[in-house]
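Note that these values count all heavy atoms, side chains included, but never hydrogens, waters or copies made by symmetry. In what follows, chains carry the letters A, B, and so on, assigned in the order in which the sequence lines appear, proteins first and then strands, with residues in each chain numbered from 1.
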2 protein chains.
Amino acid sequence: MGLSKTDNFTAEENELAAFAKALGHPARVAIIKYLSTQASCVCGSIVEVIPLAQATVSQHLKELKNAGLIQGNIEGNSICYCLNPEKWKKFKAMLEPTFNYIEQPVCC
Amino acid sequence: MGLSKTDNFTAEENELAAFAKALGHPARVAIIKYLSTQASCVCGSIVEVIPLAQATVSQHLKELKNAGLIQGNIEGNSICYCLNPEKWKKFKAMLEPTFNYIEQPVCC
DNA sequence: TTGTCTTATTGCAATATTACGATAAAGAAC
DNA sequence: GTTCTTTATCGTAATATTGCAATAAGACAA
């Protein structure tokens, strides 16, 4: 159908899926990586770094913002996009059980 | 276009995106959570737990397997799906820099 | 062999995503 | 005011994803 049946799953499952989905595109991974390492967060410099058209980058930024992974702050004439620490901590916390599980000897 | 321009991105960006994309659906999150907590890994019990048709669950399992996050071992008449520790460690390692970054005071 | 149980695949319809050019909107700079 | 700069949105085309019924494929049992 092309329509995820989100109603059948828990809020936590849906939220983790939303975080993961937002990160599920190389351009968005590149944006997050850039924001994790650079001091700069101006939208314009993100557009310069990502090898896609400005409209497309803007669309990817919107998806990351919708998922909550980044937030945009107006900075004079431009916009500063930054990681949202709270959401990233939540993301990390939701992955932790699986990250811990695989440290033990796994079945099969 | 609906076609990701993966060529423009690094292998690492594409791999992280592939992991995240595989996890980007609540059914697949639920499958991973189930495999992280239960001893059972038989395909049939996964189908019982996920509120979707058997064909759909099989499709989701295939995507998780393609991404490398799980592996299937034939267990008599059925199949045992387990997490792939190596890939999960890689996934974790690739997220670590961002997880560490957000512990510091962030810009803006 | 025949039947049963388990999982995968096929075929299809509905919806979502990706990408970009063109254009709009909102400020700064003048 | 006008113009430039910066970012967002619209419109559109191509492709991908999701979901399920139906069916196939494989292994085991009798």
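The CD1-C1' distance, from I46(A) to dT5(D), rounds to 17 Å in whole Å. Regarding K5(B), its NZ atom lies at a distance of 15 Å from the P atom of dA16(D), rounded to whole Å. Rounded to a whole Å, the CG atom of L52(A) is 14 Å from the C1' atom of dG21(C). The distance between atom CD1 of I31(A) and atom C1' of dT7(D), rounded to the nearest whole Å, is 13 Å.
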Contacts table for residues 89-98 of chain A: side-chain donor-acceptor under 3.5 angstrom, sequence neighbours left out:
unit_1	atom_1	unit_2	atom_2	d
K90(A)	NZ	E15(A)	OE1	3.2
K90(A)	NZ	E15(A)	OE2	3.3
T98(A)	OG1	S36(B)	OG	3.0

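Note on ring orientation: taking the six-membered ring where Trp is involved, the planes of H60(B) and H25(B) are tilted (angle from 30° to 60°).
Taken together, C41(B) and C80(B) meet the criterion of an SG-SG distance shorter than 2.5 Å.
When heavy atoms are screened at a 4.0 angstrom cut-off, I74(A) is found touching no nucleic acid atom at all.
Using modelled atom types, no side-chain atom of W88(A) and backbone atom of F99(B) make a donor-acceptor pair closer than 3.5 Å.
Separation of atoms CG (L61(B)) and CD1 (I31(B)) is listed at 4.5 Å; rounding is to 0.5 Å. Separation of atoms OH (Y34(B)) and CD1 (I50(B)) is listed at 9.0 Å; rounding is to 0.5 Å.
The residue among S4(A) and F9(B) whose nearest nucleotide of DNA chain C lies closer to the 5′ end is S4(A).
Within the 4.0 Å cut-off from OP1 or OP2 of dA16(D), not a single side-chain nitrogen or oxygen of K21(B) is found. Using a 4.0 Å cut-off, no side-chain N or O of H60(B) falls inside it from OP1 or OP2 of dT17(D).
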Pull out every protein N or O sitting under 3.5 Å from an N or O of nucleotides 5-12 of chain C, one pair per line with the distance.
unit_1	atom_1	unit_2	atom_2	d
dT7(C)	OP1	I79(B)	N	3.1
dT7(C)	OP2	G44(B)	N	2.8
dA8(C)	OP1	Y81(B)	OH	2.3
dA8(C)	OP2	S58(B)	OG	3.1
dA8(C)	N7	Q54(B)	NE2	2.9
dA8(C)	N6	Q54(B)	OE1	2.9

